[in-house]
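The structure under discussion appears below in the form of structure tokens.
Predicted model, so just to flag it, every value in this text is computed and none were measured.
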Amino acid sequence: MGIENLWDRLEPETRQWLVENPGCRILPRTVVASIAKATGTELEQDRHGEISLSSSDCDFIRRAAELQEAESHTSS
């Protein structure tokens, strides 16, 4: 999917869901729909409307989660 390329176009709520669920390898259809709506990108979905993330997508989301956590500790 290339989540890194779409990241800046995602709604804050969608980004937050992704960083709160960094181990999720299959995105639920509600998240997929939100990504598609925000980016205007047609995503290849399975028959349930879900998407499997690539290893690089998962790595990017984990890094984003770690960065957000580090930022929250420095601002406290």
Please output the side-chain donor-acceptor pairs of residues 59-66 that fall under 3.5 Å, not counting sequence neighbours, one pair per line with the distance.
residue : atom : partner : partner atom : Å
D59     : OD1  : R62     : NH2          : 3.2

In a table with atom names and distances, give each donor-acceptor pair under 3.5 Å that connects a side chain of residues 42-51 to protein atoms at least two apart or in another chain.
residue : atom : partner : partner atom : Å
D46     : OD1  : H48     : N            : 2.8
D46     : OD1  : G49     : N            : 3.1
D46     : OD1  : E50     : N            : 2.9

Side chains of residues 18-28: which donor-acceptor pairs under 3.5 Å do they make with residues two or more places apart or in other chains?
residue : atom : partner : partner atom : Å
E20     : OE2  : Q16     : NE2          : 2.8
N21     : ND2  : W17     : O            : 2.7

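In this view, T41 and T39 satisfy the side-chain hydrogen bond (donor to acceptor under 3.5 Å, both in side chains) rule, not counting sequence neighbours. Partners of S54 by side-chain hydrogen bond (donor to acceptor under 3.5 Å, both in side chains), not counting sequence neighbours, listed by chain and number: S56, D57.
No more than 12 heavy atoms of other residues, nucleotides or ligands shown are found within 6.0 angstrom of CZ on R29.
Here ring-ring contact (aromatic ring centres under 6.0 Å, His included) pairs that include residues 18-47, with residues two or more places apart or in two chains, number zero.
Here CZ of R15 is found 11.5 Å from CG of L6. Values are rounded to the nearest 0.5 Å. L10 CG to S34 OG: the interatomic distance, rounded to the nearest 0.5 Å, is 7.0 Å.
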